[in-house]
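Proteins come first, then strands; the chains are lettered A, B, ... in the order of their sequence lines, and each starts at number 1.
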Protein chains: 2
Amino acid sequence: MVFKDYKIKSRIWIDGKQGTFLAEGRIALLKEIIVSGSISAAAKQMNMSYKKAWEMINTMNKSAEQPLVVRVSGGAGGGGTQVTDEGLKMIQLFEKLNKKCQVYLDKELEKIFG
Amino acid sequence: MVFKDYKIKSRIWIDGKQGTFLAEGRIALLKEIIVSGSISAAAKQMNMSYKKAWEMINTMNKSAEQPLVVRVSGGAGGGGTQVTDEGLKMIQLFEKLNKKCQVYLDKELEKIFG
DNA sequence: ATTCGTTGTATCATTTAAAAAATAACGATG
DNA sequence: CATCGTTATTTTTTAAATGATACAACGAAT
């Protein structure tokens with residue numbers, strides 16, 4: 001069994017017209033936004049610059065037919081960001097697909113070298 | 001059908017003790033080496049620096065139980081590099097797995113949104 | 001022992017990407 | 001209309017990956 005010391009890893013993402021639509025980091029970002037209700041707080045939590053987080057959110061929203069988040073600038077508390085139902089659906093979709101892919105690959109490797 | 005404008009993409013790789021063992025670029029490099037019998041020629045063909053190609057080859061060989069390439073320095077023609085049978089097996093394994101992964105993901109997306 | 005083209009190694013320059021910082025815009029609220 | 005913390009944008013700085021260059025080591029062949 002040569003392959004016991006090796007691990008197979010995978011990364012999936014979904015491309016749209018504007019470039020990358022969904023990927024691991026973006027999903028994590030969405031989940032942090034759900035918790036904090038703020039891009040800046042989510043970015044800080046993830047040790048990511050606000051700019052990068054904003055750009056991710058922006059391209060995601062542009063790529064999506066329906067926005068994944070709604071952003072409010074100004075107002076009481078300065079504003080904030082909410083993940084939409086569409087956003088929740090995308091999170092579930094991506095994570096389900098990602099998990100399935102991992103399981104499949106592990107099984108394939110096992111099938112070949114088991 | 002919301003997803004007709006989106007494409008799912010994937011990337012797989014195999015990690016060993018020394019870090020990345022097999023990945024897309026390394027497989028392509030191996031294949032170029034088969035053609036040319038030389039690291040430097042393969043690197044040039046791929047628009048890659050010799051140094052980077054050499055480092056890839058080196059970590060691959062260190063991670064493998066049996067070397068994927070044998071390198072000869074000096075001699076008639078200056079030397080050269082040959083891909084071993086083990087190397088050929090790894091190429092086949094990786095490409096097979098990669099292809100299967102793509103097919104699987106496309107099928108999964110179709111199953112959900114078809 | 002000279003030649004050859006390759007592998008192998010080190011150094012420096014350049015380009016690119018990421019991070020950080022600074023600033024403006026926003027708008028409900030008191 | 002001043003305040004607040006957020007979103008949004010621009011600029012600057014830093015770090016990292018990449019590229020280029022140069023040169024030593026190698027060893028069969030002539």
**OP:** Taking the side chain as every heavy atom from C-beta outward, state whether B:Lys89 and B:Phe94 have any pair of such atoms under 4.5 Å apart.
**Re:** no

**OP:** Starting at atom CD of B:Glu55, determine the distance to atom P of C:dT7, rounded to an integer number of angstrom.
**Re:** 15 Å

**OP:** Write down the distance between CG (B:Asn58) and P (C:dT7), rounded to a whole number of angstrom.
**Re:** 13 Å

Original post:
Which salt bridge (charged side-chain N to carboxylate O under 4.0 Å, His left out) pairs, counting each pair once, include a residue from residues 22-43 of chain B, with sequence neighbours left out?
Top reply: B:Lys31-B:Glu95

Original post:
Would you call A:Lys111 and A:Glu108 a salt bridge, using N to O less than 4.0 angstrom?
Top reply: yes

Original post:
Does a side-chain N-to-carboxylate-O contact under 4.0 Å join A:Lys7 and B:Asp15?
Top reply: no

Original post:
Does D:dT7 have OP1 or OP2 sitting under 4.0 Å from an N or O in the side chain of A:Thr81?
Top reply: yes

Original post:
Is the phosphate of D:dA8, meaning OP1 or OP2, less than 4.0 Å from a side-chain N or O of A:Arg71?
Top reply: yes

**OP:** Name the nucleic acid region contacted by A:Gly79, choosing base, sugar-phosphate or nothing; use a 4.0 angstrom heavy-atom cut-off, strictly under.
**Re:** sugar-phosphate

Subject >> Sidechain-backbone polar pair: A:Tyr6 side chain, B:Ser63 backbone, donor-acceptor under 3.5 Å >> reply: yes

Original post:
Does any residue of residues 33-54 of chain B have a heavy atom under 4.0 Å from DNA chain C, and if so, which ones, in number order?
Top reply: B:Ser38, B:Ile39, B:Ser40, B:Tyr50, B:Lys51, B:Trp54

**OP:** Apply side chain to side chain donor-acceptor pair (under 3.5 Å) to the pair B:Ser10 and B:Gln102, showing each step before the final yes or no.
**Re:** CA-CA 7 Å; B:Ser10 67; B:Gln102 291 283 2; 3.2 Å; yes

